Amino acid sequence: MGGVDLFDQFVSQYRIRIRSKKWWWPLFSWGIGAALVNGWRLYRALGHDISLLHFTRECSKEILGKFGIPSIGPGRSLVLQKNAFNQQRYDRKDHWLYKSDKQFGR
């Protein structure tokens with residue numbers, strides 16, 4: 001297998017799956033995967049022995065640690081801990097559903 005075949009194999013090995021109606025999301029996710037594979041190949045060329053999965057996880061940990069939302073306490077350390085539901089839940093404004101006079105209103 002040549003270089004392009006190996007590159008395509010490595011990119012498709014841990015593909016970023018984002019389902020969206022936007023046409024550019026597959027291109028964006030492929031670009032991230034391609035950048036990760038190229039970075040991994042350069043890192044291995046420097047003499048480090050690391051798998052692609054471990055390299056991807058370390059890169060994402062670094063990016064989320066630098067640009068993500070800080071964790072609010074012990075437990076699961078996901079970026080999505082501070083979601084809209086918790087923000088509405090603790091804002092003391094009672095978001096309750098009510099019956100409307102409109103036929104098709106929510």
Side-chain angles (χ1 to χ4, degrees):
M1 287 179 25
V4 175
D5 293 331
L6 280 173
F7 176 77
D8 286 338
Q9 178 185 356
F10 287 134
V11 169
S12 67
Q13 192 172 7
Y14 301 110
R15 186 175 302 269
I16 300 170
R17 290 180 178 88
I18 300 174
R19 291 176 36 176
S20 175
K21 293 182 181 179
K22 306 290 185 192
W23 63 268
W24 47 269
W25 270 111
L27 295 175
F28 182 71
S29 65
W30 181 86
I32 291 173
L36 282 169
V37 169
N38 285 333
W40 173 68
R41 302 256 334 245
L42 287 173
Y43 193 68
R44 284 186 52 134
L46 292 175
H48 302 282
D49 188 25
I50 187 173
S51 69
L52 178 59
L53 179 63
H54 188 67
F55 182 78
T56 303
R57 286 181 177 169
E58 290 298 318
C59 286
S60 53
K61 274 197 253 182
E62 285 294 320
I63 291 171
L64 289 175
K66 187 171 182 179
F67 299 107
I69 298 171
S71 66
I72 55 177
R76 295 174 60 188
S77 60
L78 293 175
V79 174
L80 302 176
Q81 281 181 347
K82 201 173 190 181
N83 57 16
F85 178 72
N86 281 336
Q87 290 174 1
Q88 286 181 355
R89 191 170 152 196
Y90 297 117
D91 70 352
R92 300 194 160 304
K93 290 188 181 174
D94 295 335
H95 299 273
W96 296 103
L97 297 175
Y98 61 92
K99 183 87 170 150
S100 175
D101 295 334
K102 296 180 183 178
Q103 183 180 2
F104 298 107
R106 291 188 178 188

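Throughout, residue positions are numbered sequentially from 1 according to the sequence presented. Fair warning: this is a prediction, and the values are worked out from it, not measured in the lab.
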Legend entry - Reported CZ-to-CD1 distance for the pair Arg44 and Ile50, which is rounded to 0.5 angstrom: 9.5 Å
Inset, instruction - Can you see which heavy atom on Phe55 is nearest to which on Gly39, and at what distance? - result: CZ-C, 3.7 Å
Inset, instruction - Mind checking the CG-CD spacing from Asp8 to Gln13? Nearest 0.5 Å is all I need. - result: 12.5 Å
Inset, instruction - Show your reasoning for whether ring pair (Phe, Tyr, Trp, His ring centres under 6.0 Å) applies to Trp40 and Tyr43. - result: CA-CA 5 Å; Trp40 173 68; Tyr43 193 68; 9.8 Å; no
Legend entry - Atom pair CG (Leu53) and CG (Leu36), whose distance is rounded to the nearest 0.5 Å: 11.0 Å
Legend entry - CD-CG distance between Gln9 and Leu52, expressed to the nearest 0.5 angstrom: 10.5 Å
Inset, instruction - Following the transitive rule for hydrophobic clusters with a side-chain heavy-atom cut-off under 4.5 Å over Ile, Leu, Val, Met, Phe, Trp and Tyr, establish whether Leu42 and Leu6 coincide in one cluster. - result: no
Inset, instruction - Output the distance between atom CZ (Phe10) and atom CG (Asn38), rounded to the nearest 0.5 Å. - result: 11.5 Å
Inset, instruction - Might you confirm whether atom CH2 of Trp24 has over 12 heavy atoms from other residues, nucleotides or ligands at distances under 6.0 Å? - result: yes
Legend entry - Any Glu58 side-chain heavy atom under 4.5 Å of Lys61 side chain: yes
Inset, instruction - Decide whether Leu27 and Trp25 are clustered together by the hydrophobic rule: side chain heavy atoms of Ile, Leu, Val, Met, Phe, Trp, Tyr closer than 4.5 Å, transitively. - result: yes
Legend entry - Interatomic spacing from SG in Cys59 to CD1 in Ile32 - rounded to 0.5 Å: 11.5 Å
